[in-house]
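Values below: every heavy atom of this structure, side chains too, minus hydrogens, waters and symmetry copies. Residue numbers begin at 1 in each chain, while the letters A, B, ... track the order of the sequences. The model shown is predicted, which means the values in this text are computed figures rather than measured ones.
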Amino acid sequence: MRPTTKSFSQLVYDLTKQIPKGKVTTYGILARRLGRPKAGRAVGRILGANPHPIVVPCHRVVKSDGTLGGYSGRGGIRTKFELLGHEGVEIRNDRVDLSKFLFKDFKAKP
DNA sequence: AGCGCGGCTTTTC
DNA sequence: CGAAAAGCCGCGC
């Protein structure tokens, strides 16, 4: 889809692109950042459909509890692990330390 | 700790 | 164009 206005998905990708290497964020945070605290699932749906796999590092987005969640990219969830680990994010038992790698300093307005 | 329900956007028929 | 299904969640019970 390609609405003329900046749609939800557009903002989701925008925020995701802001995540620096070695940091991660959660679907819930993204949703709240966009004004939809309950749209976590929608965010997942959007990232899953990710039409910009190169521009948008959707692998840097994990669940609110620290688990990676899922990944529809090539290689599946495994790739997500590799990518994060390769970027410096320490993963303990399928989990990310949100207390140290959580990034939420998104720019207020683009 | 595990299960179920709710809330949201995008996509497809 | 309108309606229905789906999806990498979140949170409560």
*Report the residue from A/Ile46, A/Leu11, A/Thr25 that forms a side chain to side chain contact (heavy atoms under 4.5 Å, CB included) with A/Leu30.*
A/Thr25

*Report yes if the side chains of A/Leu84 and A/Phe101 come closer than 4.5 Å at any heavy-atom pair, otherwise no.*
no

_Between P of B/dC8 and CZ of A/Phe8, the distance in whole Å_ = 10 Å

_Within this structure, what is the NZ-NE2 distance for the pair A/Lys21 and A/His86, rounded to the nearest 0.5 Å?_
8.0 Å

*Using a heavy-atom distance cut-off of less than 4.0 Å, which residues of residues 59-75 of chain A contact DNA chain B?*
none

Atom pairs, protein N/O to nucleotides 1-3 of chain B N/O, distance under 3.5 Å:
none

*Enumerate the residues from residues 79-100 of chain A whose closest heavy atom to DNA chain B is under 4.0 Å, giving them by residue number; use none for an empty result.*
none

_According to side-chain hydrogen bond (donor to acceptor under 3.5 Å, both in side chains), who are the partners of A/Thr67, at least two apart in sequence or on a separate chain?_
A/Asp65

*Is the side chain of A/Lys104 donor-acceptor paired with the backbone N or O of A/Ile29 at a distance under 3.5 Å, no angle test?*
no

*Residues forming a side-chain hydrogen bond (donor to acceptor under 3.5 Å, both in side chains) with A/Glu82, sequence neighbours excluded*: none

*Any donor-acceptor pair under 3.5 Å linking the side chain of A/Lys17 with the backbone of A/Val55?*
no

*Restricting to pairs with a member in residues 91-100 of chain A, which pass salt bridge (Lys or Arg N to Asp or Glu O under 4.0 Å), not counting sequence neighbours?*
A/Glu90-A/Arg92

*Not counting sequence neighbours, which residues clear ring pair (Phe, Tyr, Trp, His ring centres under 6.0 Å) with A/Phe8? List them please.*
none

*According to the Watson-Crick and G-U wobble definition with distances under 3.5 Å, which dot-bracket string, read 5' to 3', encodes DNA chain B, using [ ] for crossing pairs and | for pairs with another strand?*
.|||||.||||||

*Sequence-distant partners of A/Arg74, side-chain hydrogen bond (donor to acceptor under 3.5 Å, both in side chains), two or more places apart*: none

*asked:* Taking 4.0 Å as the cut-off, does a side-chain nitrogen or oxygen of A/Ser7 come that near to OP1 or OP2 on B/dT9?
replied: no

_Check against side-chain contact (heavy atoms from CB on, under 4.5 Å), A/Val62 and A/Leu98_ = CA-CA 9 Å; A/Val62 299; A/Leu98 294 179; 3.9 Å; yes

_Show me the pairs that pass salt bridge (Lys or Arg N to Asp or Glu O under 4.0 Å) and involve residues 32-53 of chain A, at least two apart or across chains._
none

*So which pairs with a foot in residues 40-85 of chain A pass ring-ring contact (aromatic ring centres under 6.0 Å, His included), sequence neighbours left out?*
A/Tyr13-A/His52

*Hey, mind stepping through A/Leu34 and A/Leu15 against side-chain contact (heavy atoms from CB on, under 4.5 Å) and telling me if it holds?*
CA-CA 9 Å; A/Leu34 299 177; A/Leu15 290 176; 3.6 Å; yes

*Do any of residues 29-55 of chain A sit with a heavy atom less than 4.0 Å from DNA chain B, and if so which?*
A/Arg36, A/Lys38, A/Ala39, A/Arg41, A/Ala42, A/Arg45, A/Ile46

*Find out whether A/Val61 and A/Val24 are in side-chain contact, i.e. whether some heavy atom of one side chain is under 4.5 Å from a heavy atom of the other.*
no

